[in-house]
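Here the structure is laid out as structure tokens; the discussion comes afterwards.
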Amino acid sequence: MKPLLLLLLVCTAVLAMGARADTPREPETLVKRMQEYAQKATAMVKSAFSMVQESEAAQQARRWLADNTEAAKQQLARLKERLAELWKRPSTV
């Protein structure tokens, strides 16, 4: 869920609950309801993030990155070896 959409939903809920608060005791109820709503929204966001992390596409992306990172490290090691060999050779100028 996008943060902007979540903020919009929270503001809408606050306005809706504020419009219903008629008695002096209800602001406390409003605060409790907002806390409950924030807890539910947080739980939904955590759930969405965990689903994304556990998804097959995310797992494939992590595997691809891990595989290509290893290949890049191997290429870098070969390049270092070649440069070291070139550095050790005497110049024939």
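In this chain, residues are counted from 1 in sequence order. None of the values given here were measured: they were computed from a predicted structure.
More than 12 heavy atoms of other residues, nucleotides or ligands sit less than 6.0 Å from atom CZ of R63.
Using a 4.0 Å cut-off between a side-chain N of Lys or Arg and a carboxylate O of Asp or Glu, K80 and E85 do not qualify as a salt bridge.
Atom NZ of residue K46 and atom CE of residue M44 lie 13.5 Å apart, to the nearest 0.5 angstrom. Residue M34 holds its CE atom at 13.5 Å from OG1 of T29, rounded to the nearest 0.5 Å. How far NZ of K88 is from CG of L83: 12.0 Å, rounded to the nearest 0.5 Å.
Remark: side-chain polar atoms of T42 are paired, donor with acceptor, to backbone N or O of A38 under 3.5 angstrom.
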